[in-house]
Amino acid sequence: MKISHLLFLSMFFCIGATFAQQKKKVPAADQKMNAFISSLLSKMTLDEKIGQLNLLTGGEATTGSVVSTDVESKIKKGQVGGMFSFTTPQKIRKAQEIAVNESRLKIPIIFGQDVIHGYKTTFPIPLALSCTWDMSLIQKTARIAAVEATADGLNWTFSPMVDISRDPRWGRISEGSGEDTYLGSQIAKAMIKGYQGDDLSKYNTMMACVKHFALYGAAEAGRDYNTTDMSLDRMYNEYLPPYKAAIDAGAGSVMTSFNDINGVPATANKWLMTDLLRKQWGFKGFVVTDYTAVNELIDHGLGDLQTVSALSLNAGVDMDMVGEGFLTTLKKSVQQGKVKTQQIDNACRLVLEAKYKLGLFEDPYRYCNEERAKTEILKPEHLQFAREAATQSFVLLKNDKQTLPLKKTGTVALIGPLANTGSNMPGTWSVNSDLASTSSLLAGMKATLGSSVKVLHSLGSNLLADEAYQKRATMFARDIPRDNRPEEEVIKEAVDIAKQSDVVIAALGEGSEMSGESSSRTNLEIPEVQKRLLQALLKTGKPVVLVLFSGRPLVLNWENENVPAILNVWFGGTEAAKAITDVLFGDVNPSGKLTTTFPQNVGQIPLYYSHKNTGRPLEDGKWFSKFRSNYIDVSNDPLYPFGYGLSYTTFNYSDIKLDKDKFKSGETINASVIVKNTGSREGKEVVQLYIRDLIGSSTRPVKELKHFEKIDLKAGESKTVNFKITVDDLKFFNSELKYVAEPGDFKVFIGTNSRDVKTNQFTLL
């Protein structure tokens, strides 16, 4: 181990107060389980113990570049602890039968899958779900996902992804909950509760896997799998809390990240996996690598397969996903004294405990019920909830002159490469979706509107001008047929249709696979070929509504200046088409709020609301001042701030009322505002409270989200929204990594987004 890393570890062991201050007491271990596992371990050979640490893929769903081989033979030999990417209860049952009937000790297999935002009933991508700001809704999506996935025989999901990301170039920003620490922590807890429920042994709950531990969302340059480097201040205050929240919520497993941390890749990082996760946070579950992450340590430069496998196990990793480095090298490492048998026993015990908690030793087939698969997947009530969830996730970015909602009369032109593709509607990481049966926006709109509105359609443009780029952007059966006529002809056809219509809906943006894993982008604008189509449609003089598909914040300066209405629909899942129609035509009033900042251009990235001040801050309202922290070509402002989102109605906020202006530890301050619906429609509003610590022993952000509440108001209705501020809301990790609230003055902000707020001030004594 490098000397620099030893110093790094030594520093942490010298710290007296860390996240452990928040550690909850863990109930006494179940004696019956311990006795059962100990008895089983005593019967196992070293090879069989190592076999439990081996996770293979069934290969039915593509989630990585390597496919496991000779699986059946390995199961018989007791060389497989878990399987993933099986998609039918019949195949899962067959594999389980081999394990419990033909292996020596009859140890059942745990079956996992990337159930990311729903199973067969697919919900909006996680970034979109976060824009609902509705924890009960998000929890219910995970609950439905667990019900459906377990009906197909699965009992382990590689979700939730809780990585904070502030760089929209990173494709996997679509798979997380955005840029904010507090909101991300609340969503992490909701997802764990939804998947695992109150009892993992129930037939319709499944074990969650928190990923990617840790700091994966801060990959340099937004390039997937890239290195991560950050201060301890940022790590503890901004990036680690959502993982900690998920662990405190009872997550059964954790997945390692691909990036390195302080020079040591996560999968071989003992400080991360043992000292922080287990000793400081008290995690009792098991740690699995990401796809072939052990093998990839070779390219990181840590040694050959035997060396990196030993490093990973000794760091605290318990299960090796797909790479089989553990299976093929650990026995040799034990013989050479590089790995202790006790370390293998510890890892094996944790894997066996997970199976015990899932009830697999009691009934290895408890999740293999073909009758459940027939009746509990894609249930009408699940699909209806998916439709409702999608409508709540859409963010209205612009709506000049009340262009929206549209009237259910006349003729509508639906134009664009995203208008007639069902396979793109579920979004990235929807490996279990029935893409062929998912409605396109065109089909869904016609089915929803019936004969009340005439819908005309034209492709208008290809998704991307470059055919090779479009192939990369439409992988995994998300193809959008190309029109290879000259671009001018394709646009002219669309313009002619637009001229026959009362309003134009332009379905533009990213294809679903333009975001997600290994889909980093440096240009975040709508592709030029689509933008030229949009310009031509605007020249017709018809009202144009941009229905924007995206898996990340995009650069929309031109669109914001020129298009009357913009509705960001992300990728809404199985029922996206109907949900989009519901919102466009006014059956549902949009209420989504951004959980990521939209920049004016890529050069501003990383751009996030909770940044720190500088010694030379730019004066509010100014664009440029020499010798101040700013750019000479563009303002510091985002295009759309964190928390932003419009409605078909309007809301007015009163000034903030505090019940006291000073308080001390053990007391609370009540901060309240009166919110009034001043428009003509019922609508939902997310009331957001932020706090700024004005003076600290270390620098503090200009604003931090601390509370929020989503309310529903009828036209003309008012409601007083109260927030209880406690000392816990003011705590942070100081330069010594002590979790403290420091006496002094604080500003409180309440408003409709992070920018448009009312302010007040109080003092902690």
Side-chain angles (χ1 to χ4, degrees), residues 19-20 22-27 29-30 33 55 82 84 110-117 126 129-130 135 138-139 141-143 145-146 149-150 154-164 175-177 181 183-202 204-217 239-257 266-267 272-274 276-290 316-319 321 347 349-359:
F19 267 116
Q22 307 169 70
K23 183 171 149 186
K24 296 180 179 178
K25 291 184 178 179
V26 179
D30 187 288
M33 178 182 72
L55 176 64
F84 70 102
I110 185 173
F111 290 94
Q113 181 59 283
D114 289 279
V115 181
I116 306 299
H117 49 107
L129 276 177
S130 72
M135 299 307 105
I138 291 171
Q139 180 175 320
T141 66
R143 180 85 291 275
T150 55
L154 301 169
N155 42 48
W156 184 26
T157 174
F158 304 138
S159 174
M161 191 193 95
V162 302
D163 303 317
I164 295 296
E175 199 182 332
S177 298
T181 305
L183 180 60
S185 296
Q186 304 312 305
I187 293 173
K189 291 189 287 187
M191 294 291 288
I192 299 299
K193 180 69 172 175
Y195 287 134
Q196 296 192 168
D198 297 318
D199 183 355
L200 267 180
S201 68
K202 289 182 178 178
N204 62 0
T205 60
M206 63 194 312
M207 182 171 288
C209 186
V210 182
K211 65 184 189 185
H212 305 86
F213 196 60
L215 319 182
Y216 187 33
Y239 281 79
L240 289 179
Y243 306 107
K244 177 65 162 54
I247 299 304
D248 287 346
S253 62
V254 167
M255 182 182 291
T256 68
S257 58
T267 306
L272 186 69
M273 297 302 163
T274 297
L276 178 66
L277 181 62
R278 298 196 187 280
K279 294 181 180 178
Q280 294 182 30
W281 291 2
F283 176 61
K284 301 300 183 185
F286 74 94
V287 174
V288 63
T289 75
D290 206 334
V317 170
D318 305 304
M319 184 176 269
M321 184 186 289
R349 174 179 287 276
L350 291 171
V351 172
L352 295 175
E353 284 181 358
K355 296 178 180 184
Y356 186 97
K357 292 172 183 176
L358 286 165

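For Asp318, the salt bridge (Lys or Arg N to Asp or Glu O under 4.0 Å) test picks out Arg278, with sequence neighbours left out. Judged as a ring-ring contact (aromatic ring centres under 6.0 Å, His included), and not counting sequence neighbours, Tyr195 has no contacts. Take Lys355 and apply the salt bridge (Lys or Arg N to Asp or Glu O under 4.0 Å) test, not counting sequence neighbours, and it matches no residue.
To the nearest 0.5 angstrom, Lys189 atom NZ is 11.5 Å from Gln139 atom CD.
Between Leu350 and Lys284, the closest heavy-atom pair is CD2-O, 3.3 Å. Scanning all heavy atoms of the two residues, the minimum distance from Ala190 to Ile138 falls at CB-CG2, 4.4 Å. Residue Ala251 comes nearest to Ile192 through the heavy atom pair CB-CD1, 3.7 Å, listed as atom of the first residue, atom of the second, then distance. His212 and Ser257 get closest at one heavy-atom pair: CB-CB, 3.5 Å. Closest approach of Ser177 and Gly184 over heavy atoms only: CB-CA, 4.4 Å. Nearest heavy-atom pair across Ala188 and Ala246 is CB-CB, 4.1 Å.
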Next item on the list: Could you walk me through whether Val210 and Phe283 pass the side chain to side chain contact (heavy atoms under 4.5 Å, CB included) test, one step at a time?
Entry: CA-CA 12 Å; Val210 182; Phe283 176 61; over 6 Å; no

Margin query: Would Lys279 and Thr274 count as a side chain to side chain contact (heavy atoms under 4.5 Å, CB included) here? Give the steps.
Written below: CA-CA 6 Å; Lys279 294 181 180 178; Thr274 297; 3.9 Å; yes

Checklist line | Evaluation steps, side chain to side chain contact (heavy atoms under 4.5 Å, CB included), between Leu55 and Thr289 | finding: CA-CA 9 Å; Leu55 176 64; Thr289 75; over 6 Å; no

Next item on the list: Show the numbers, then the answer: is there a side chain to side chain contact (heavy atoms under 4.5 Å, CB included) between Ile110 and Asn155?
Entry: CA-CA 7 Å; Ile110 185 173; Asn155 42 48; 3.2 Å; yes

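For the residue pair Tyr243 / Asp163, a side-chain donor-acceptor distance below 3.5 Å is found, with atom types taken as modelled.
Heavy atoms from other residues, nucleotides or ligands lying under 6.0 Å from CG of Asp199 number more than 12.
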